[in-house]
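To start, I am sharing the structure in question, which I have written as C-alpha cells.
Predicted model only: the values in this text are computed from it and were never measured.
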Amino acid sequence: MSKGLPETRTDTAMSELVPEPRPKPAVPMKPVSINSNLLGYIGIDTIIEQMRKKTMKTGFDFNIMVVGQSGLGKSTLVNTLFKSQVSRKASSWNREEKIPKTVEIKAIGHVIEEGGVKMKLTVIDTPGFGDQINNENCWEPIEKYINEQYEKFLKEEVNIARKKRIPDTRVHCCLYFISPTGHSLRPLDLEFMKHLSKVVNIIPVIAKADTMTLEEKSEFKQRVRKELEVNGIEFYPQKEFDEDLEDKTENDKIRQESMPFAVVGSDKEYQVNGKRVLGRKTPWGIIEVENLNHCEFALLRDFVIRTHLQDLKEVTHNIHYETYRAKRLNDNGGLPPVSVDTEESHESNP
C-alpha cells in the first residue's frame, strides 16, 4: 500500500483499512495529581457526618467512679458536673444508719440527652472508703470491682457468637477526692493512687476548695503534684500516652498548672448580679461554682466532658483493658478465659 495516499481520500473501503493517524500517547514521567476541580465534588467530607449520625443512634457510654472520704461532696460534684441528679440514689442512706463498715460499691445509671446526643452515664460511688480507723488495703474492693468489669467485657469479647455491641461497664475515669487539709497527702491517698493508677484513669481533685485561701490552695496544689511525682504516681493524662506535640503541649499545661483541680460543688442556685448561678452561700458572700476566680470546677468539667471524654474511653480500652486482657490470656496459656458456666458443666460432668 502506498504511503503517499492523501488523507482526504473519500474511498470507503480504503478509509476502513487505513485508520487516521493518531498522536502517540505521552508517557508521564511522574504520577499526575488528581484535580478535584476537574473531576468535581466527591463527598469524602460526608464521612464525618455519617459517623456522627451512626454514633448518635447508638449513643455513648461513660462510667465515672468517685472515691474519697465521706463528707467531701463527691455526689454533689458529680451532680454539678452533669447538671442532673445522677448520683443521689447511689450514695444516699438514712441519716440514722451508720456508715458502712467496709467499702461498698454502688452504681447508678442515668441517661442524659443534650442536642439529640444520648449518653448513658453510670456513676460508681464508694461509700465507706477511708472512713475507718484501720484503712489497710481498703482499696482492694475497688480494684477488684474495676478488674471485674474488664473480665466481664473480655468474656463477652471472646464468645464465638458475641454481641454486635458489647455492653461497656468498664470504669473510664476515677475522680479521687483529696481532703483540703492544706498540708500533705495522707498515706492512704498515696497508697490508693499508687495501686489504682495502673488499672484506671485517676484524676485527683481537691474537694471543698473554698475552705482554703488562694495562697493556701496554690501551695497545696504544688505540694500534691510534688508528692505524686516523688512517689512515681501517674495520673491522667499520662505523659507516655501523648500522641503528638499538640497533645503534649495541651496536656503538659494541665499537668503542670491545673492538676489537681481545686473544686467546689453545689446543686443550689442563687441570684448574683441579676443572674442565677450555682454556688455555696457563706456569711461573706456567694462562692460561684462556675467562676474561675472562685474555683476550678469549670476547668474540671471542660477537661472531663468537653475535651478529654473520648480520650478517657480510648485510654481505658487501648491501655488499661489491653493490659488486663494480655495478662489474663497469657496466664491462661493464650486461650480465652473459661466462662463460669463452662467450669460448672465440667465439674458436674467429670
Open item on the list: So does E246 get a backbone contact from the side chain of D244, meaning a donor-acceptor N/O pair under 3.5 Å?
Closed with: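 Side chain of D244 to backbone of E246: a pair is present.
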- [ ] Just jot down the side chain to side chain contact (heavy atoms under 4.5 Å, CB included) partners of S258, sequence neighbours excluded, or say none.
- [x] I254, F261, L299
Donor-acceptor pairs are to be reported for all side-chain atoms of residues 279-288 against protein atoms at under 3.5 Å, with residues two or more places apart or in another chain.
from : atom 1 : to   : atom 2 : distance (Å)
R280 : NE     : D210 : OD2    : 3.0
T282 : OG1    : W284 : N      : 3.4
T282 : OG1    : W284 : NE1    : 3.2
T282 : OG1    : G285 : N      : 3.2
T282 : OG1    : G285 : O      : 2.7

Task: Over all atoms of both residues, closest heavy-atom pair of Y324 and L154 - done: CE2-CD2, 4.3 Å
Open item on the list: So, taking the atom named CD1 in I64 and the one named SG in C174, what distance separates them when rounded to the nearest 0.5 Å?
Closed with: 8.5 Å
Task: K327: partners by side chain to side chain contact (heavy atoms under 4.5 Å, CB included), with sequence neighbours left out - done: D331
Open item on the list: Apply side-chain contact (heavy atoms from CB on, under 4.5 Å) to residues F297 and T80 and explain how you reach the verdict.
Closed with: CA-CA 9 Å; F297 169 82; T80 315; 3.5 Å; yes
Open item on the list: Walk me through whether E140 and K144 qualify under side-chain contact (heavy atoms from CB on, under 4.5 Å).
Closed with: CA-CA 6 Å; E140 286 181 353; K144 184 185 175 199; over 6 Å; no
TODO: Step by step, work out the salt bridge (Lys or Arg N to Asp or Glu O under 4.0 Å) result for D61 and R165.
DONE: CA-CA 11 Å; D61 291 309; R165 189 165 182 263; 3.5 Å; yes
Task: Validation row: E296, F303 side chains within 4.5 angstrom (heavy atoms) - done: no
Task: Any residue meeting side chain to side chain contact (heavy atoms under 4.5 Å, CB included) with E234, in chain and number order, not counting sequence neighbours - done: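 Here the qualifying residues are Q238, E240.
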Open item on the list: Quick test of your reading: applying salt bridge (charged side-chain N to carboxylate O under 4.0 Å, His left out), list the pairs with at least one residue in residues 211-220, sequence neighbours left out, ordered by first then second residue.
Closed with: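 Found none.
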Open item on the list: Give me the atom names and distance for the closest heavy-atom approach of K74 to V67.
Closed with: CD-C, 3.7 Å
Task: Common cluster, Y270/V263, ILVMFWY with side-chain heavy-atom separation under 4.5 Å - done: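 Y270 and V263: separate clusters.
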Open item on the list: To the nearest 0.5 Å, what is the distance between NZ on K120 and NE2 on H110?
Closed with: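 Here the interatomic distance stands at 12.5 Å.
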Task: Student check: side-chain heavy atoms of F220 and M212 closer than 4.5 Å - done: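 Yes, side chains in contact.
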- [ ] Report the residues that fulfil side chain to side chain contact (heavy atoms under 4.5 Å, CB included) with Q222, sequence neighbours left out, ordered by chain and then residue number.
- [x]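 With sequence neighbours excluded, Q222 shows a side chain to side chain contact (heavy atoms under 4.5 Å, CB included) to S218, R225, given in chain and number order.
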Open item on the list: Applying side chain to side chain donor-acceptor pair (under 3.5 Å), can you list everything that pairs with T169, at least two apart in sequence or on another chain?
Closed with: Q149
Task: Nearest non-hydrogen partners of V224 and P260, listed with the distance - done: CG1-CG, 3.7 Å
Open item on the list: Under a plain distance cut-off of 3.5 Å, with no hydrogens placed, do H172 and N201 share a side-chain donor-acceptor pair?
Closed with: no
Task: Exercise: identify the closest heavy-atom pair between G73 and K208 - done: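 Closest heavy-atom pair between G73 and K208: N-CE, 4.3 Å.
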- [ ] Verify the neighbour count for atom CD of E49: are there more than 12 heavy atoms of other residues, nucleotides or ligands below 6.0 Å?
- [x]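 More than 12 heavy atoms, drawn from other residues, nucleotides or ligands, come within 6.0 Å of this atom.
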Task: Of all pairs that satisfy ring pair (Phe, Tyr, Trp, His ring centres under 6.0 Å), the ones with a partner from residues 185-209, not counting sequence neighbours - done: F129-F192, W139-H195, Y176-F192
- [ ] For the residue pair I124 and I105, establish whether any side-chain heavy-atom pair is separated by less than 4.5 Å.
- [x]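 A side-chain contact exists here, since the closest heavy-atom pair is under 4.5 Å.
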Task: D131 side-chain N/O to Q69 backbone N/O, donor-acceptor pair under 3.5 Å - done: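 Looks like no, no N/O pair under 3.5 Å.
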- [ ] State, with a plain yes or no, whether a side-chain heavy atom of M193 is found less than 4.5 Å away from one of L228.
- [x]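 Sidechains of L228 and M193: in contact.
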Open item on the list: Show every salt bridge (charged side-chain N to carboxylate O under 4.0 Å, His left out) that has at least one partner inside residues 299-316, sequence neighbours left out.
Closed with: E290-R301, D302-R306
Open item on the list: The criterion is ring-ring contact (aromatic ring centres under 6.0 Å, His included); which residues satisfy it with Y321, sequence neighbours excluded?
Closed with: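 Partners of Y321 under the ring-ring contact (aromatic ring centres under 6.0 Å, His included) test: F153, H317.
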TODO: Evaluate whether atom CD1 of I44 has more than 12 neighbouring non-hydrogen atoms of other residues, nucleotides or ligands under 6.0 angstrom away.
DONE: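 For I44, atom CD1 is not crowded (no more than 12 foreign heavy atoms under 6.0 Å).
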Task: Minimum heavy-atom distance I178-P204, with the two atoms named - done: CD1-CB, 4.0 Å
Task: Exam field: side chain N231 to backbone I233, donor-acceptor pair closer than 3.5 Å - done: no
- [ ] Would you mind checking if E157 and R325 are paired as a salt bridge, meaning a charged N to carboxylate O distance below 4.0 Å?
- [x]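 Counted as a salt bridge, because a side-chain N and a carboxylate O are separated by less than 4.0 Å.
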Open item on the list: Using the rule that Ile, Leu, Val, Met, Phe, Trp and Tyr join whenever any side-chain heavy atoms are under 4.5 Å apart, tell me whether V272 and V289 fall into a single cluster.
Closed with: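 No, because V272 and V289 fall into different hydrophobic clusters, even though each may have its own neighbours under 4.5 Å.
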Open item on the list: Looking at Y236 and S197, would you say the former's side chain and the latter's main chain have a donor-acceptor pair under 3.5 Å?
Closed with: no
Open item on the list: Is there a path of hydrophobic side-chain contacts, each under 4.5 Å between heavy atoms, that joins L278 and I305?
Closed with: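 Result: yes, single cluster for both.
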Open item on the list: Any side-chain to backbone donor/acceptor pair from E227 onto L185? Under 3.5 Å, distance only.
Closed with: yes
Task: Distance-minimising heavy-atom pair for N293 and L214 - done: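 The answer is O-CD2, 4.4 Å.
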Task: Parallel, tilted or perpendicular: rings of F62 and F82 (30°, 60°) - done: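 F82 and F62: tilted rings.
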Task: Listed partners of F235 passing ring-ring contact (aromatic ring centres under 6.0 Å, His included), at least two apart - done: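 ring-ring contact (aromatic ring centres under 6.0 Å, His included) list for F235, sorted by chain: empty.
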TODO: Could you tell me whether the side chain of N251 and the main chain of K239 form a donor-acceptor pair under 3.5 Å?
DONE: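 Looks like no, no N/O pair under 3.5 Å.
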Task: Close side-chain approach of L300 to L77, heavy-atom, < 4.5 Å - done: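 SC-SC contact between L300 and L77 confirmed.
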Open item on the list: Can you confirm whether T249 sits close enough to D252 that some side-chain heavy atom of one is under 4.5 Å from a side-chain heavy atom of the other?
Closed with: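 The answer is no, as the side chains (C-beta and beyond) never meet within the 4.5 Å cut-off.
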Open item on the list: Rounded at 0.5 Å granularity, tell me how far CE in M65 sits from OG1 in T122.
Closed with: 11.5 Å
TODO: Return yes if some donor-acceptor pair links the side-chain N/O of T316 with the main-chain N/O of C173 below 3.5 Å, else return no.
DONE: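 Flag not set: sc T316 to bb C173 has no pair under 3.5 Å.
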Open item on the list: Assess whether a salt bridge exists between D242 and R255, defined as any Lys/Arg side-chain N lying under 4.0 Å from an Asp/Glu carboxylate O.
Closed with: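 A salt bridge is present here (some side-chain N lies under 4.0 Å from a carboxylate O).
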Task: Between OG on residue S70 and CZ on residue F177, distance to nearest 0.5 Å - done: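 Answer for the OG-CZ pair, S70 versus F177, is 12.0 Å.
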Open item on the list: Tell me which pairs pass salt bridge (charged side-chain N to carboxylate O under 4.0 Å, His left out) where either residue lies in residues 180-194, with sequence neighbours left out.
Closed with: R186-D189
